[in-house]
Structure formats: C-alpha cells, structure tokens
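As structure tokens, the structure follows; a few thoughts come after it.
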Amino acid sequence: MIERDRHIRALRRLFSSHAVVVLMGQRGVGKTTLAQEFASRWRWNSYYFDLGKAADRAQIEDPGAGLAKLQGLIILDEIDRFPSVLPVIRNLAQRTWTQARFLLLSSIDHKSLGGKMQPLEDLLARYELPGLLAEELPVPQLNTLWLRGGLPNSFAASSDRGSYEFRERCIRDFFERDIYRLTGNTSVALVERFWTMLAGCHGQVWNGSELARSLDVSHHTARRYLEILESAFLVRRIRPWQADLPRRQVKSPKVYFRDSGLLHCCLGMTTYGELERHPRSWASWEGFVLENLMHSLGQETNQYYFWAAHTGAKVDLIVQTGAVLRGFAIRRSLRPRLTRTMQKTMEELSLSRMDIVHAGPDSFSLGQRSRAFSVQRLREDL
C-alpha cells in the first residue's frame with residue numbers, strides 16, 4: 001500500500017476549521033481507502049456508512065435519529081446518492097454540545113449536484129483527491145505510472161493485463177452507476193460513444209462541432225457531454241491565454257483525460273511497448289505531466305491556461321498567481337534545452353519564468369529565468 005500522508009495531513013488541516021469536509025475525486029482514485037485510513041488516526045470514535053449499499057442507507061433512513069446520537073467522525077460515502085441527508089448534517093454539525101464531524105465522499109463534483117449542497121455551503125471545505133502522482137512513489141516507476149495511470153489498484157496490479165482489466169471495470173462502473181445521476185434523459189450510449197471518441201482528441205484544441213457531427217447531435221449537446229465527463233473528474237479543460245499580440249492566437253480550450261491509464265484503456269494500449277509505438281503517445285505524455293505539475297503547484301491559489309499561436313509557437317501551461325505569469329514547456333527528452341523561440345515567447349507574454357518539465361531523473365538550471373525540472377521531483381524542486 002502506498003502511503004498518502006500528504007492528503008491525510010490536508011484533511012486534518014481542513015477539519016481544524018470546518019465541521020464538514022467533502023472529499024471528491026473520480027471513481028477508483030482511493031477516496032474510501034484514504035477516508036478509512038484517516039478514521040483509523042482519528043482521536044475519537046469514527047463511523048462509516050456506504051450510501052451505495054441498502055443496508056447502510058437503512059441505518060440512517062431517518063437521519064435525524066440515525067445520526068443524531070453519533071459523536072466523533074462520521075464518514076458518508078457516495079453522498080451524492082442520498083442528498084436528502086444534507087440538511088440534517090447541517091443541523092448536527094452546528095450543535096455546540098457535541099464533537100460530530102462529517103467527511104462526505106463523492107465521485108461527482110459538487111457543482112454538478114445543482115443546489116443539493118446548498119444547505120452546507122457555508123460550513124464545508126472541499127478537497128479533491130488526485131490519482132497517484134510521481135512524487136508519491138517510494139521508488140521511481142515513472143513509465144509504469146504513465147502507462148497504468150494513477151488509480152491505486154490499477155498501478156499496483158500484478159500485471160499489465162490485470163491493470164487494464166481493472167480500468168475497464170472502472171469505466172463500466174461509471175457508465176452503469178454514475179452516469180444516470182448526471183445525464184437526466186440523455187442517452188447513456190451516446191455519452192459512452194462520445195467518451196471513446198474524445199480519447200482520440202486528447203491534448204487537442206476542442207472542436208465540439210466536429211464531434212457533434214460524428215454523433216449526429218448538436219454542438220450544444222456535445223458540450224453538455226463534455227461537462228458531464230468533467231463533473232466526474234474524468235476530463236479536464238484548459239482555457240487559452242489571450243495576450244495582446246498582433247499574431248493570431250488559439251481561442252478554444254484544450255481537452256485532456258485526467259488519468260493516463262483510462263486514456264490508454266480507451267485507446268486499447270495494454271503494454272508500455274504499445275504505448276511507445278502509438279501515434280498519440282506524445283499527447284498522452286503531455287497530459288500525464290500536466291496533471292502531476294498542476295497538483296504539485298497547487299489548485300487553490302493558481303489559475304491555469306495554455307497559449308498557442310497559429311504560427312506554431314506555444315506554451316504548454318501558463319500559471320497565473322495574482323498578476324504573475326509563469327510558463328512551462330513539457331518535453332519527453334532527457335536533456336531539454338531552452339530554445340530561441342521559447343525565449344522570445346517568454347518576453348512577448350511577459351512571463352516571469354519559462355521552465356521545462358522533462359522525463360529525466362535530475363533538475364538543473366537552463367539560464368537566469370529558466371530551469372529544467374524532472375517530473376519525478378516536481379514538489380521537491382518547484
């Protein structure tokens with residue numbers, strides 16, 4: 001089992017100032033395992049309810065009675081299946097004579113639950129659990145992590161075939177268990193086809209009209225499908241940065257699968273050899289590094305963009321912190337270099353730095369405002 005103490009510490013910090021914490025992340029990312037590990041270190045009683053199971057739901061069918069007598073840490077898994085309990089949680093969390101704290105687990109972004117989370121909005125804190133990151137591995141296993149993705153059971157499988165089959169089950173579970181709560185009357189089969197087609201567009205500029213024509217739906221419907229997958233933490237949109245320049249710039253967002261293993265499953269890649277030979281391997285690597293980089297930099301205070309001109313110049317990731325812009329280029333090479341085009345782009349966009357994230361084991365300087373960072377040492381060296 002890979003220790004994820006950084007996330008345990010983050011939850012502890014949130015509970016120091018909030019009575020309710022929502023732990024979010026895609027299905028299979030390890031939320032339940034992390035919650036149970038957190039409960040084992042809790043200083044008092046803890047209780048776990050899986051609201052996906054009828055027996056656990058029955059225990060709190062009358063939540064006012066079932067939860068009211070409990071004190072300590074109360075974990076409610078798959079809270080999106082039982083949102084009627086949220087007003088009760090609010091009342092219990094506000095009691096001054098008890099120490100009840102609530103950890104709510106969800107595979108759906110709370111923003112997609114409509115107004116269901118509204119009763120708790122002023123009481124809760126949110127924490128998104130990412131998949132395994134390169135920095136969390138006890139020994140470097142970068143290629144295995146890239147191939148299998150960050151879902152812990154996928155990464156730790158005894159074989160590439162076993163890992164692939166686990167990811168297939170995760171995808172099937174999503175379309176069988178989660179999709180109905182997100183789509184309303186939308187055809188699940190169409191969303192699944194859209195998901196498969198989107199794998200071929202990973203790392204590319206979003207072209208909803210083209211996908212819509214392939215599915216014989218409107219571009220508004222294609223955008224809705226994209227939002228559904230975003231709300232389940234399966235894909236990520238990165239917006240373009242618009243600079244005040246005379247040259248033509250890309251104005252549409254890019255779309256990435258958030259887990260490289262799920263992407264490879266959709267593209268039918270089982271082994272590392274198949275991944276290296278695949279024509280989309282570069283785009284896969286870019287998305288894999290982006291996820292590691294963004295989580296290492298932190299999601300709370302930063303905003304993320306990319307920039308590209310129609311001439312071919314580009315910055316893979318622009319990080320905005322206040323008024324400061326920092327650029328990153330992603331390279332698969334072991335010894336990257338700062339090119340003249342990168343230096344010109346850094347000046348044109350007024351970037352404070354232009355750094356490169358690469359596949360090698362070491363980080364090193366590239367100049368006064370540039371450094372090469374190893375993807376294996378991001379949190380340590382950034």
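Nothing here was measured: the structure is a model prediction, and the numbers come from that model.
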**OP:** Sort out for me which residue in L92, L70, V21, V22 forms a side chain to side chain contact (heavy atoms under 4.5 Å, CB included) with F102.
**Re:**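 Of all the options given, the one that passes is L92.
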Tell me if the [atom1] atom of [X] is crowded by more than 12 foreign heavy atoms within 6.0 Å.
X    : atom1 : value
R369 : CZ    : yes
D5   : CG    : yes
R332 : CZ    : yes

Could you measure the distance from the [atom1] atom of [X] to the [atom2] atom of [Y]? Nearest 0.5 Å is fine.
X    : Y    : atom1 : atom2 : result
S154 : E165 : OG    : CD    : 11.0 Å
M354 : K344 : CE    : NZ    : 14.0 Å
Y48  : I74  : OH    : CD1   : 14.5 Å
S214 : R193 : OG    : CZ    : 8.5 Å

Original post:
When the ring centroid of Y256 is compared with that of F288, is the distance short of 6.0 Å?
Top reply: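 No: the rings miss the under 6.0 Å criterion.
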**OP:** Flag this pair as yes if the NZ/CZ of R335 is under 6.0 angstrom from the six-membered ring centre of F364 and inside a 45 degree cone about the axis; otherwise no.
**Re:**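 Verdict for F364: a cation-pi partner in R335.
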Original post:
Where do D160 and T270 land on the side chain to side chain donor-acceptor pair (under 3.5 Å) test, with the steps shown first?
Top reply: CA-CA 6 Å; D160 287 343; T270 308; over 6 Å; no
Original post:
T345 and A313: which non-hydrogen atoms are nearest, and at how many Å?
Top reply: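 Distance-wise, the nearest heavy atoms are OG1-CB, 4.2 Å.
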Original post:
How are the rings of W195 and F174 set to each other: parallel, tilted or perpendicular (split at 30° and 60°)?
Top reply: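 If you compare the ring of W195 with that of F174, the planes turn out tilted.
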Subject >> D362-S374 side chain donor-acceptor pair, cut-off 3.5 Å >> reply: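 Their side chains do not contain a donor-acceptor pair, so the 3.5 Å distance test is not met.
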